[in-house]
Amino acid sequence: MLDFSELPKAYEAGKVEDEIYARWEASGIFNPDKLPDRNQKGEPYCIIMPPPNVTGVLHLGHALENALMDTMVRFQRMRGKKVLIIPSTDHAAMPTQAKVEKLLMQEGMKNPRQELGREKLVAKIREFAEQSKSTILGQIKKLGTSCDWSRLAYTFDDERGKAVHEMFFRLHKDGLIYRGYRVVNWSVKGQSTCSDDEVVMIERTTKLYTFKYGKDFPITIASTRPETKLGDTAVAVHPDDERYQSLIGKVYTVDVGAAKPLNIKIIADEHVDRHFGTGALGVTPAHSAVDFEMYEKQKTQGDPIDLIPVIGSDGKMTEEAGKYQGLTVDEAREKMVAWLKEQGLLEKEEEIVQNVGTSDRFGDVIEVIPMTQWWLNVNTIIPRRGKSLKDLMRDAMTIGLNGDIKQKISVAPERFAKLYLNRIENLRDWCLSRQIWWGHRIPVWYKDEETRVSETSPGTGWEQDPDTLDTWFSSGLLTFSTLGWPGETLDLKTFHPTGWITMGYEILYLWMMRMILMSAYVLDEIPFKDVYIHGLLRDEQGKKFSKSAGNNIDPLDVIREHGCDALRWSVLIGSAPGNDSKFYEEKVGGARNLVNKFWNISRFILMQIGQGGDGGSETLADQWILSRLNETVSSITKKLETYQFSSAGEELRDFTWGDLADWYLEIAKVEKGKEKILLHILQTILKLWHPFMPFVTEAVWSAAKFEGQLIVSEWPKIATSLAAPRNDEIKKIEQLRTLVIDLRRLRQEQGIEAAKQVEFVLIADSSIKQMIESNSAWIKRLINAETLTFSDTLPDGWATMVSGTITAALNVAGAIDVVKEGARLKKELAETVVYLSALEKKLENKDFMAKAPEKVVVDLKQKYSEAKHKEQMLSEQLDALS
RNA sequence: GGACGUUUAGCUCAGCUGGUUAGAGCGUUCGAUUCACAUUCGAAAGGUCGGAGGUUCGAUUCCUCCAACGUCCACCA
């Protein structure tokens, strides 16, 4: 016989978590190939972990993400699926290099790239990344995530490198990847390009200048950046604008101080807003994305305009800028404005609010500069496909790839699908190349005028392209590069498309879109069937957690203090899918109490075992709890299937704490011999709780010496015989519950200390009387009554009340204040009458009776007769009083 | 400028396709506590569901408008 009273009174998370995790890991069940037979035969279910950046350590967002994934995966594993969750990390090219460069500069280096050179700097970054990576992986273990470490991936390891190259070659062969001279987003500080998605718009006030290029120029234009006007080659007006119509097509030569006089052509473009400024737009093809588009358009229309770069990659004015050469943009602007004033060309100078793009990694204002870069064309038709990448991305979310509904992604919450589609329509070509050194180097080689695409050098004299690929190129492949692609592996066949994925809405575009693009293009498959978008965790004031704001919380600190289960619970519960939620200390405290409560419920049940024989037939309470348990199993299963984590958890808590602990276990203290049922209940709730609180449940499971490991035990089945609507017996106990609650309130209202044993007298009809009598032992216990007797009349001077169809009287010491009692009864009677009339109105409404579901009508009638009875009792008592 | 979201108890939030007297956690007040759990138990107070219309027998839920707050997008130079 095991002595469970030796178990610690309070659950000690810190003492057991690491050991439990190690045990799971050692038993191999994180690896789908080593799962029990039941799972081997089950449906494959794969989740790709959103790879944390190797830039730093985990934050609360990761805790949330891991809690979501792991809850889902444990649920699916217990249901018998062949479950795989693949852990990975992201080399995060730009941020990682930026971070290491910053560190080196803090150590005294002025320009790490110059001082170290490519090889040495990359080595430094690798060293940092490796260290950071191992920290992060350790942290993920602490979060309890049951991922398969044997399949660990890194976006910058050799296997992923192969996938990256292969993808590059295929896209290139199909003509989707091209090298082109176009304007890019350029961070002067980072000395690299970035994609549109990495540009963060910020609002600021700036001056808008209204001026002419020269005295003889017919049109006045406005600009916040006069210095770029040194590169203007056109003025665009709206084609229908009668003010300028006669000028369209004309060319004017002006001299604003650039190296050469500028030829300005008046062109028509309907993007021009007639009502903003002067209704005319100075076109600077080299330094504005929109203007560049006009430039391209003019070119295809056979009416070309020039492109003159006046700002260089160092952020300074170029040779083309003439007398402004070498100045920074700000200096040039000042000088230009001064010149305009001097010449009397400046007409107006006003403050306006404007959005400017900044680099999300380096923080500086993005300059738009024309450069030769590698691009991915999202609009051109893919050979043999008849569709563009953009089309594929759209199909995956609407009709399914190739019109196959099985190849359609569903997004929860749905609204994000709309946002995604909206975004796709505005997608422009993706700039792939980055001028940093940390990342997959572009597999293209040059020799003299020749270009060759190849993984390794084609021979002597060939120079590899110095640029690297955008990190998202490699993370976009993750759903299949982690499964062995480009090899035709068993994993790939088994697990792709993956089953489910979760991510924050902030990387919806950056990551989700690219995974869909890559997978649809190369595998003709969606990367995942379901996406669950989660919100952001914010602090108590609603601010984002960040290091710079100083409100950063390390999930490991929380675990150390309250345990992993408590952390998981507190990030999962109390929020709706896709909505942000707040994280604060009290929430974790509450979660820790819950974990401990759970521990003690289990401990109590275990301590009952061996206390007394088989209890014989099921009592009313037994039937009730078993029915509730079954309802709970059914509901939790359904909720987890539909990703209602918070709601599922809350219901589980309410059942376990409310129904089980506060009612059934209290009853069990009186009705002995429930060993078998208690054991069944314990095993069932351990399973239900396991996905939410893996550690405490496994700790109980092993302390109880139950068979095997909980993590691979079978999810409880829904007993269909009990799943039917509750029978009359179950209704009866609900009635008794109501009675107990009412009697407790009666005590409380009478101000009698709960400790004191008191006498109750009840008036009830015979069938109810019998029911109360056969359950009187635990009823007495729960209301702390010495005697519970029945009578036909109410004793004088006792406090009375009505509960359902039962009238109860409590013996209070001394006389009751008749006036006070009368007032109370009157109030209650009035409330009942109001309630009754509301019910009556409903029941008399023919339309309602015709349309309302039968269940509702039956319930209503029941309520009505109960209330009617109560009304009668109350008025009788009131009469008796007076 | 566009799109989306939020607005429900003192605080943090649930509330599925409209249906009994709108819920939870925390907090508050009152009471209990040798009992598995003071990381506990019982009871109570607290909401005209942001505002105004509309549809319906019935609206927190659906529609329209308005307000406040928030997020994302956008080529207003």
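Numbered from 1 within each chain, the chains take letters A, B, ... in sequence-line order.
- Residues satisfying the ring-ring contact (aromatic ring centres under 6.0 Å, His included) test with Tyr244(A), not counting sequence neighbours, are none.
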Nucleotide N/O of nucleotides 3-8 of chain B paired with protein N/O under 3.5 Å:
none

For nucleotides 43-46 of chain B, print each protein N/O atom paired with a nucleotide N/O atom at under 3.5 Å, atom names and distance only.
{"unit_1": "A44(B)", "atom_1": "OP1", "unit_2": "Arg745(A)", "atom_2": "NE", "d": "2.5"}

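- Listed by residue number, Arg653(A), Trp657(A) are the residues of residues 640-657 of chain A with a heavy-atom contact under 4.0 Å to RNA chain B.
- Looking at heavy-atom distances under 4.0 Å, Gly574(A) makes contact with sugar-phosphate atoms alone, never a base.
- Nucleotides U71(B) and G25(B) have their P atoms positioned 32 Å apart, rounded to a whole Å.
- Nearest nucleotide to the side chain of Lys597(A), out of U40(B), C35(B), U39(B): U40(B).
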Self-check item: Base versus backbone protein contacts along nucleotides 69-77 of chain B [heavy-atom cut-off under 4.0 Å; B, S, -]
Solution: ---SSBBBB
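- Across A77(B) and U64(B), the matching C1' atoms stand 37 Å from one another, rounded to whole Å.
- Across all strands shown, Glu540(A) has no heavy atoms under 4.0 Å from either base or sugar-phosphate atoms.
- Base pairing in RNA chain B gives the following stems of 3 or more Watson-Crick or G-U pairs, range against range and under 3.5 Å: B:1-7 with B:67-73, B:10-13 with B:23-26, B:28-32 with B:40-44, B:50-54 with B:62-66.
- Using a 4.0 Å heavy-atom cutoff across all strands shown, Ala661(A) reaches at least one base atom of the nucleic acid.
- Here Asp662(A) lies in heavy-atom contact (under 4.0 Å) with sugar-phosphate atoms only.
- Shown here is Glu414(A), whose CD atom has no more than 12 heavy atoms of other residues, nucleotides or ligands within 6.0 Å.
- Considering only the side chain of Tyr584(A), U12(B) comes nearest among A36(B), U12(B), U40(B).
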